[in-house]
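Let me begin by presenting the structure, written as structure tokens, before commenting on it.
One is the number of the first residue; the rest follow in order along the sequence.
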Amino acid sequence: MEDHTDYLWKDKKHHLWFPLSFTTYYVENERLMIREGLLSTTLEETLLYRIVDLTFHQNLAGKIFGTGDIILKTKVDSTPEITLKNIKKPMEVRRLLSQAIEESRQNRNVVGKEFYTGPSHEHMDLDDDGLCDFDSKPV
């Protein structure tokens with residue numbers, strides 16, 4: 001069965017420079033998808049606008065073979081940190097993801113205050129919807 005979907009980005013987890021893995025990463029429809037498994041398959045989906053931070057990591061072997069990791073911090077309870085392990089051209093992918101995340105936020109009219117709710121930010125004034133009101137003065 002051939003896959004004809006248009007992806008913004010797609011790659012596999014690499015071992016050295018070989019994409020010999022049953023883990024596939026891809027971005028489609030403003031979602032980061034991680035498909036893992038051979039005999040049984042798990043598909044994890046994260047909406048791009050829920051990603052709040054990107055970190056790039058590349059060790060010596062990654063520098064030699066052109067691979068690296070991107071660590072994503074998300075505003076999702078089930079998976080607050082996602083690591084895209086040993087992907088090729090990691091700096092280019094980081095830039096592409098960063099741009100796609102910003103575009104997804106703009107498309108959904110998501111602004112920073114949607115991420116600052118809950119008990120860890122009790123010092124901020126929250127409006128009736130439980131969102132931080134940055135225009136209010138601190139108590």
Side-chain angles (χ1 to χ4, degrees):
M1 182 179 197
E2 197 171 322
D3 186 4
H4 294 287
T5 304
D6 289 327
Y7 300 108
L8 179 62
W9 168 75
K10 183 177 180 180
D11 198 4
K12 285 187 168 229
K13 180 178 174 183
H14 289 69
H15 295 284
L16 301 177
W17 64 86
F18 299 109
L20 304 174
S21 173
F22 298 107
T23 300
T24 303
Y25 309 112
Y26 56 97
V27 174
E28 69 173 358
N29 261 355
E30 297 186 15
R31 290 163 171 76
L32 171 65
M33 310 294 277
I34 301 172
R35 188 177 66 222
E36 298 178 284
L38 172 64
L39 299 177
S40 67
T41 301
T42 302
L43 183 64
E44 184 178 341
E45 175 180 324
T46 302
L47 294 167
L48 290 179
Y49 82 91
R50 309 261 324 174
I51 298 170
V52 295
D53 191 31
L54 293 166
T55 302
F56 165 77
H57 175 74
Q58 188 176 44
N59 59 24
L60 180 59
K63 288 181 181 185
I64 293 169
F65 297 112
T67 61
D69 300 344
I70 297 176
I71 300 110
L72 308 159
K73 303 277 198 259
T74 67
K75 198 65 175 162
V76 179
D77 292 334
S78 61
T79 314
E81 186 173 286
I82 299 169
T83 302
L84 307 178
K85 301 257 330 147
N86 295 326
I87 57 173
K88 65 182 175 186
K89 300 182 180 178
M91 284 299 287
E92 291 176 26
V93 173
R94 187 201 61 77
R95 277 190 225 96
L96 178 104
L97 284 174
S98 184
Q99 182 178 0
I101 290 164
E102 288 304 315
E103 287 174 8
S104 180
R105 286 184 187 153
Q106 289 173 359
N107 291 343
R108 295 171 182 264
N109 292 321
V110 175
V111 294
K113 67 183 182 179
E114 274 85 0
F115 295 112
Y116 299 108
T117 62
S120 64
H121 291 75
E122 291 177 273
H123 62 280
M124 295 184 185
D125 258 350
L126 302 180
D127 64 16
D128 295 335
D129 296 323
L131 302 175
C132 180
D133 183 5
F134 290 107
D135 295 328
S136 67
K137 294 183 180 168
V139 185

Would you say [X] and [Y] are hydrophobically clustered, going by side-chain heavy atoms of ILVMFWY under 4.5 Å?
{"X": "Met33", "Y": "Tyr7", "result": "yes"}
{"X": "Ile87", "Y": "Ile34", "result": "yes"}
{"X": "Met91", "Y": "Ile71", "result": "no"}
{"X": "Ile51", "Y": "Ile82", "result": "yes"}

With a sphere of 6.0 Å drawn around CZ of Phe22, does it hold more than 12 non-hydrogen atoms of other residues, nucleotides or ligands?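 Open: at most 12 neighbouring heavy atoms sit under 6.0 Å from CZ of Phe22.
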
How about Lys12: does its NZ atom have over 12 heavy atoms from other parts shown lying under 6.0 Å from it?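 Yes, enclosed.
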
Closest heavy-atom contact between [X] and [Y]?
{"X": "Gly37", "Y": "Thr41", "value": "O-OG1, 4.3 Å"}
{"X": "Thr67", "Y": "His14", "value": "CG2-CB, 4.1 Å"}
{"X": "Lys75", "Y": "Val52", "value": "CB-CG1, 4.3 Å"}
{"X": "Thr83", "Y": "Tyr25", "value": "O-OH, 3.9 Å"}
{"X": "Pro90", "Y": "Gly68", "value": "CG-N, 3.6 Å"}
{"X": "Asp11", "Y": "Lys88", "value": "OD2-N, 2.9 Å"}

In terms of side-chain geometry, is the basic nitrogen of Glu102 or Arg105 positioned less than 4.0 Å from the acidic oxygen of its partner?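 Arg105 and Glu102: salt-bridged.
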
Give a yes-or-no answer on whether the side chains of Asp69 and Gln58 include a donor-acceptor pair shorter than 3.5 Å. no

Taking atom types as modelled, is there a side-chain donor on Thr74 or Glu81 under 3.5 Å from an acceptor on the other? no

Quick one: pull up [atom1] in [X] and [atom2] in [Y] and give me the separation to the nearest 0.5 Å.
{"X": "Gln106", "Y": "Ile101", "atom1": "CD", "atom2": "CD1", "answer": "12.5 Å"}
{"X": "Ser21", "Y": "Glu36", "atom1": "OG", "atom2": "CD", "answer": "8.0 Å"}
{"X": "Tyr26", "Y": "Asp6", "atom1": "OH", "atom2": "CG", "answer": "13.5 Å"}

If you apply the rule side-chain contact (heavy atoms from CB on, under 4.5 Å), what do you find for Val93 with Ile70, and how did you get there? CA-CA 8 Å; Val93 173; Ile70 297 176; 3.7 Å; yes

Could you walk me through whether Leu32 and Leu84 pass the side-chain contact (heavy atoms from CB on, under 4.5 Å) check? CA-CA 10 Å; Leu32 171 65; Leu84 307 178; 4.3 Å; yes

Residues Glu44, Thr79; criterion side-chain hydrogen bond (donor to acceptor under 3.5 Å, both in side chains); working and verdict: CA-CA 9 Å; Glu44 184 178 341; Thr79 314; 3.2 Å; yes

Does the pair Leu47 and Glu30 meet the rule for a side-chain contact (heavy atoms from CB on, under 4.5 Å), with working shown? CA-CA 6 Å; Leu47 294 167; Glu30 297 186 15; 5.8 Å; no

Glu28/Lys10 under salt bridge (charged side-chain N to carboxylate O under 4.0 Å, His left out): CA gap, chis, key distance, verdict: CA-CA 9 Å; Glu28 69 173 358; Lys10 183 177 180 180; over 6 Å; no

Does any non-hydrogen side-chain atom of Leu72 lie less than 4.5 Å from one of Asp53? no

Which is it for Leu97 and Val27 under the side-chain contact (heavy atoms from CB on, under 4.5 Å) test, yes or no, and what are the steps along the way? CA-CA 9 Å; Leu97 284 174; Val27 174; 3.7 Å; yes

State whether the side chain of Asn29 and the backbone N or O of Arg31 hold a donor-acceptor pair below 3.5 Å, judged by distance alone.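 A pair under 3.5 Å: no.
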
